[in-house]
Enquirer: 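First the structure, which I've put down as structure tokens, then a few questions once you've had a look.
All heavy atoms count here, side chains included; hydrogens, waters and symmetry mates do not.
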Amino acid sequence: MRIARFSIDGNVAFGAVEGDKPDELVLDIIKGIPFTDFELSGTKVPLSKVRLLPPVLPNKVVAFGRNYAEHARELGNEVPDAPFAFFKPSTSVIGPGDAIQYPAFSSEVHHEAELAVVIGRLCREVPRERVKDVIFGYTCANDVTARDVQKREKQWARAKGFDTSCPLGPWVETGLDLETAGDLTVQLTVNGQQRQLGRTSEMIHSIEDLIVNITEAMTLLPGDVILTGTPAGVGPLVVGDEVAVTIEGIGTLTNKVVKRG
């Protein structure tokens, strides 16, 4: 099931996305929230009539860096022996169609296409065999990074956490199992030209590894997001660019880059 969060006539709701053709998609509005048992209302609205929002509002976004060997090498970094985590704040999250605002304190902003894992239940110290039970679904992400700031500052808070630096969407796909999610095509284009192309099977540390690692240290809440790393091919964005992340079996997340006003 594809579950989207949307706004219509000033109201915010979740809905199940139905249909196959992009211009014929409809939303069956969900009663309540999707992290507990829910029912479909039967009230349907065309996707074209709503504004898609970030599919979840995470309490925290836990991101893992250098989880693809070729990406680590392209930036001159060593491949870490263990998962390497950092955070993006909830204020960095935007949805499909929202603008990535180019920060005034950077002159080198890069795109990073990533598979995002959405957590479905409160969890801590998750054993490997239970990881599948805490995953709600998967969505597309762009770990937008002020690369020049990342290089000169020891902490990545500003480089990775500035407002609008975490596009998520267009919806959460709940129908993928762990094995399938572990071998999906991840692609990114800028103005229609391919920049990144890889597969989640290239990850150094698997989805299970990442969730076991972070829940050893902290509690994850429903709606929290795990970013799993980016394949090689990261590169610069400039004002006016349209950047699109497409992940096999999930969908396409598109955002435009604008000057921060």
Side-chain angles (χ1 to χ4, degrees), residues 2 22 52 54-55 61 63-77 86 88 92-103 106 108-118 137-150 156 159-173 176 180-205 207 210 225-258:
R2 295 167 292 176
L52 286 179
V61 177
F64 285 90
R66 303 171 187 171
N67 200 29
Y68 287 72
E70 289 303 315
H71 168 60
R73 294 189 189 103
E74 74 180 341
L75 295 181
N77 297 313
F86 59 92
K88 294 174 82 79
S92 68
V93 173
I94 58 174
D98 291 340
I100 299 168
Q101 298 179 16
Y102 205 110
S106 174
E108 187 185 2
V109 170
H110 282 197
H111 56 75
E112 294 191 8
E114 310 209 6
L115 174 70
V117 182
V118 180
Y138 302 88
T139 192
C140 305
N142 192 347
D143 176 20
V144 183
T145 302
R147 191 72 70 201
D148 50 348
V149 178
Q150 183 188 26
W156 294 359
K160 294 278 194 177
F162 63 88
D163 290 353
T164 74
S165 66
C166 190
L168 297 174
W171 41 64
V172 178
E173 174 56 69
L176 298 175
T180 302
D183 190 22
L184 299 174
T185 301
V186 178
Q187 179 178 229
L188 182 141
T189 62
V190 177
N191 304 323
Q193 299 297 310
Q194 183 176 289
R195 292 273 191 88
Q196 291 183 264
L197 181 63
R199 298 193 69 82
T200 56
S201 55
E202 299 167 10
M203 289 192 294
I204 299 165
H205 304 290
I207 294 167
L210 304 181
V225 171
I226 308 293
L227 302 189
T228 59
T230 192
V234 301
L237 294 170
V238 298
V239 172
D241 280 346
E242 184 176 83
V243 56
V245 177
T246 300
I247 299 181
E248 179 184 2
I250 298 176
T252 298
L253 167 67
T254 304
N255 302 90
K256 193 163 186 177
V257 183
V258 303

Enquirer: Could you list the residues that satisfy side-chain hydrogen bond (donor to acceptor under 3.5 Å, both in side chains) with E108, not counting sequence neighbours?
Expert: H110
Enquirer: Which atom pair, heavy atoms only, marks the closest approach of A99 to V258?
Expert: CB-CG2, 3.7 Å
Enquirer: Would you say T252 and C140 make side-chain contact, with heavy atoms under 4.5 Å?
Expert: no
Enquirer: Please report the interatomic distance OG1(T139) to CZ(R2), rounded to the nearest 0.5 Å.
Expert: 12.0 Å
Enquirer: Considering residues at least two apart in sequence or located in another chain, which fulfil the salt bridge (Lys or Arg N to Asp or Glu O under 4.0 Å) criterion with D183?
Expert: R199
Enquirer: Working to the nearest 0.5 Å, report the span between CD1 of I94 and CD of Q101.
Expert: 8.0 Å
Enquirer: Keeping E248 on the side-chain end and T185 on the backbone end, is there a donor-acceptor pair under 3.5 Å?
Expert: yes
Enquirer: The test is side-chain contact (heavy atoms from CB on, under 4.5 Å); show your working for F64 and H205 and say whether it passes.
Expert: CA-CA 9 Å; F64 285 90; H205 304 290; over 6 Å; no
Enquirer: Taking C-beta and beyond as the side chain, do L176 and L184 meet within less than 4.5 Å on heavy atoms?
Expert: yes
Enquirer: Holding to side-chain contact (heavy atoms from CB on, under 4.5 Å), I want the full list of residues that pass it with I204, two or more places apart in sequence or in another chain.
Expert: N67, A69, V79
Enquirer: List in chain and number order the residues that pass side-chain hydrogen bond (donor to acceptor under 3.5 Å, both in side chains) with E70, two or more places apart in sequence or in another chain; answer none if no residue qualifies.
Expert: R73
Enquirer: Of all heavy-atom pairs between L168 and P55, which one has the smallest distance, and what is that distance?
Expert: O-CD, 3.5 Å
Enquirer: How would you list, by chain and number, every residue that makes a side-chain hydrogen bond (donor to acceptor under 3.5 Å, both in side chains) with E202, sequence neighbours excluded?
Expert: none
Enquirer: Looking at N255 and D98, would you say the former's side chain and the latter's main chain have a donor-acceptor pair under 3.5 Å?
Expert: yes
Enquirer: Applying side-chain hydrogen bond (donor to acceptor under 3.5 Å, both in side chains), can you list everything that pairs with T164, at least two apart in sequence or on another chain?
Expert: none
Enquirer: State whether the side chain of S92 and the backbone N or O of S165 hold a donor-acceptor pair below 3.5 Å, judged by distance alone.
Expert: no
Enquirer: Not counting sequence neighbours, which residues clear salt bridge (Lys or Arg N to Asp or Glu O under 4.0 Å) with K88? List them please.
Expert: D143
Enquirer: Apply ring pair (Phe, Tyr, Trp, His ring centres under 6.0 Å) to Y102 and list each qualifying residue two or more places apart in sequence or on a separate chain.
Expert: none
Enquirer: Determine whether a donor-acceptor pair (N or O, by modelled atom type, separation under 3.5 Å) exists between the side chain of W156 and the backbone of G161.
Expert: no
Enquirer: Return the set of residues passing salt bridge (Lys or Arg N to Asp or Glu O under 4.0 Å) with R147 (not counting sequence neighbours), or none when no residue passes.
Expert: E112
Enquirer: For a quick test of your reading: what N or O donor-acceptor pairs under 3.5 Å do the side chains of residues 225-233 make, sequence neighbours left out?
Expert:
unit_1	atom_1	unit_2	atom_2	d
T228	OG1	L115	O	2.8
T230	OG1	A113	N	3.2
T230	OG1	A113	O	2.7
T230	OG1	Q196	NE2	2.8

Enquirer: Any chance you could lay out the side-chain contact (heavy atoms from CB on, under 4.5 Å) test for V144 and V109, step after step, and finish with the verdict?
Expert: CA-CA 7 Å; V144 183; V109 170; 3.4 Å; yes
Enquirer: Quick one: list whatever passes side-chain contact (heavy atoms from CB on, under 4.5 Å) with P96, sequence neighbours left out.
Expert: L52, P170, L253
Enquirer: Using 0.5 Å steps for rounding, measure from the CE atom of M203 to the CD atom of E114.
Expert: 10.0 Å
Enquirer: How long is the straight-line distance from CD1 of I207 back to OH of Y138, given to the nearest 0.5 Å?
Expert: 4.5 Å
Enquirer: Identify all side-chain donor-acceptor contacts of residues 186-193 below 3.5 Å with residues at least two apart in sequence or on another chain.
Expert:
unit_1	atom_1	unit_2	atom_2	d
N191	OD1	E242	N	2.8
N191	ND2	D241	OD1	2.8

Enquirer: So do the side chains of F86 and V61 get within less than 4.5 Å of each other, counting heavy atoms only?
Expert: no
